[in-house]
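Some notes on the structure that comes next.
Residue numbers begin at 1 in each chain, while the letters A, B, ... track the order of the sequences. The figures here come from the full heavy-atom set of this structure, side chains too, leaving out hydrogens, waters and symmetry mates.
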Protein chains: 2
Amino acid sequence: MSEERLERFSRIFKALSNPHRLRIILELAQCTPGSGMFTTTVDQVENCQQEFAKNLGLAPSTISHHFKELRLAGLLRIKRDGKNVLVSVNQEAIESMRNLF
Amino acid sequence: MSEERLERFSRIFKALSNPHRLRIILELAQCTPGSGMFTTTVDQVENCQQEFAKNLGLAPSTISHHFKELRLAGLLRIKRDGKNVLVSVNQEAIESMRNLF
DNA sequence: TTCATCATTCGACATGTTTCGAAGTATAGT
DNA sequence: ACTATACTTCGAAACATGTCGAATGATGAA
């Protein structure tokens, strides 16, 4: 196992090691089957980060921080769409993590 | 997903989030196929923690700490055997983690 | 253009993690 | 009993993380 590969995986695990982030990615994974884009302006999940902030009892800036962590770990793709953001769970990263052991 | 279950998984991910611990568990997983006990006094892996200390360039006390972290996360079972320790990777924990997504 | 809304960045603080060396415990061999 | 070996615990230092509120940026609507 190369040092680089090891670092990449530990970054993924670190991203998932926080209960709030784990909750976030699990919820988003449910909303984005087949790695499709998940729009924040549909159904009950309108205002994506605001909703997470309310549900998790955290400040919006903290949610933004957690989103960034998940993105840097390669687990989340984030795109601006007007005022909101579009997010998609990177299923490849999830798969590679599952296949590690 | 219950709060308790979420905490349990994030503890597993946290244990794997450190490159040194990830390296340790991956090596041990190789040595203990079928969740059998892995004795520290066989083959090239004699003096388990001492070896890891040397190979990873860490102090023995640090390795001991990392072993403990892995044990508390439920990933490793540790038993004393004379001067050494017997360790076994908890395959159930690994499996539950793989099946989370 | 001005305003309201959603998201991000920044600075600060509290808390947690990683690491070491020193001291302690347990055990096997002499 | 003494010594050597393997591991653990403890205290401390350095560093990283989680969180907030305030300030900033970006976008769509009036």
Side-chain angles (χ1 to χ4, degrees), chain A residues 6-7 10-25 28 37-73 75-88, chain B residues 6-7 10-25 28 37-73 75-88:
Chain A
L6 198 91
E7 290 285 343
S10 58
R11 243 177 290 128
I12 290 178
F13 288 127
K14 182 172 337 192
L16 298 174
S17 74
N18 179 283
H20 291 142
R21 282 197 296 268
L22 184 54
R23 175 87 69 190
I24 288 171
I25 201 83
L28 292 179
M37 268 294 179
F38 164 68
T39 171
T40 62
T41 55
V42 187
D43 292 358
Q44 77 286 6
V45 286
E46 201 162 337
N47 306 332
C48 185
Q49 303 202 10
Q50 305 279 330
E51 278 300 313
F52 274 118
K54 211 172 60 175
N55 292 337
L56 297 178
L58 295 174
S61 60
T62 304
I63 300 294
S64 183
H65 165 70
H66 284 322
F67 268 54
K68 189 177 182 183
E69 292 286 306
L70 290 167
R71 180 171 61 78
L72 291 177
L75 288 165
L76 218 56
R77 275 178 294 234
I78 302 181
K79 261 201 307 188
R80 268 212 154 274
D81 176 48
K83 282 183 305 186
N84 302 306
V85 292
L86 297 174
V87 299
S88 68
Chain B
L6 197 91
E7 290 284 342
S10 58
R11 242 177 289 128
I12 290 179
F13 288 127
K14 181 168 346 190
L16 298 174
S17 74
N18 178 283
H20 292 141
R21 281 197 296 268
L22 184 54
R23 174 90 66 192
I24 288 171
I25 203 83
L28 292 178
M37 267 296 180
F38 163 69
T39 171
T40 62
T41 56
V42 188
D43 293 356
Q44 78 287 4
V45 286
E46 202 162 335
N47 306 332
C48 186
Q49 303 202 9
Q50 305 280 330
E51 279 300 313
F52 274 118
K54 211 172 58 176
N55 293 337
L56 298 178
L58 295 174
S61 60
T62 305
I63 299 295
S64 183
H65 165 72
H66 284 320
F67 268 56
K68 189 178 182 182
E69 292 285 306
L70 290 167
R71 179 171 61 78
L72 291 178
L75 287 165
L76 218 56
R77 275 179 293 236
I78 302 182
K79 261 200 309 189
R80 268 214 153 273
D81 176 49
K83 282 183 305 185
N84 303 306
V85 291
L86 297 175
V87 298
S88 67

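In this structure, CD of Glu69(B) is placed 6 Å from P of dT18(C), rounded to the nearest angstrom. Between the C1' atom of dT17(D) and the NZ atom of Lys68(A) lies a distance of 14 Å, rounded to the nearest Å. Across the protein-nucleic acid pair, Lys14(B) atom NZ and dA16(D) atom P stand 17 Å apart, rounded to whole Å. Put simply, CD on Gln49(A) is 17 Å from P on dT5(C), counting in whole angstrom units. A straight line from CG of Leu16(A) to C1' of dT17(D) spans 16 Å, rounded to a whole angstrom. Going from atom CG of Asp81(A) over to atom C1' of dC6(C) covers 12 Å, rounded to whole Å. Going from atom NZ of Lys79(A) over to atom P of dT27(D) covers 14 Å, rounded to whole Å. Per the geometry, CZ belonging to Arg71(B) stands 8 Å off P belonging to dT8(D), to the nearest Å.
Smallest separation of non-hydrogen atoms from Ala15(B) and Arg21(B): O-NE, 2.8 Å. Minimum heavy-atom separation, Ser10(A) to Asn18(B): CB-C, 4.3 Å. Residues Leu22(B) and Leu16(B) approach most closely at CB-O, 3.8 Å, considering heavy atoms.
Looking at heavy-atom distances under 4.0 Å, His66(B) makes contact with sugar-phosphate atoms alone, never a base. If you check every strand for non-hydrogen atoms under 4.0 Å, Ile63(B) touches nothing.
Out of dT8(C), dG18(D), dT19(C), the shortest distance to the side chain of His20(B) is found at dT19(C). Side-chain proximity of Ser61(A) to the nucleotides dA22(C), dT8(C), dA7(C) is greatest for dT8(C). Which of dC6(C), dC20(D), dC7(D) sits closest to the side chain of Ala59(A) comes down to dC20(D). With dC7(D), dA22(C), dT19(C) as the choices, the nucleotide that has an atom nearest any side-chain atom of Arg80(B) turns out to be dC7(D). Looking at the side chain of Ser64(A), the nearest of the listed nucleotides dT27(D), dT9(C), dA22(C) is dT9(C).
His66(B) and His20(B) have tilted rings, their planes meeting at an angle from 30° to 60° on a 0 to 90° scale.
Regarding contacts with the backbone of dG18(D), a side-chain N or O of Asn18(A) is found under 4.0 angstrom from either OP1 or OP2. OP1 or OP2 of dT18(C) lies within a sub-4.0 Å distance of a side-chain N or O belonging to Arg21(B). For Gln50(A), no side-chain nitrogen or oxygen approaches OP1 or OP2 of dT5(C) to under 4.0 Å.
In terms of position along DNA chain D, the nucleotide closest to His65(B) lies nearer the 5' end than the nucleotide closest to the other residue of the pair Pro60(A) and His65(B).
Between the side chain of Thr62(A) and the base of dG18(D), no donor-acceptor pair of N or O atoms lies under 3.5 Å.
Using a 4.5 Å cut-off on side-chain heavy atoms (C-beta onward), Pro60(B) and Gln49(B) make no contact.
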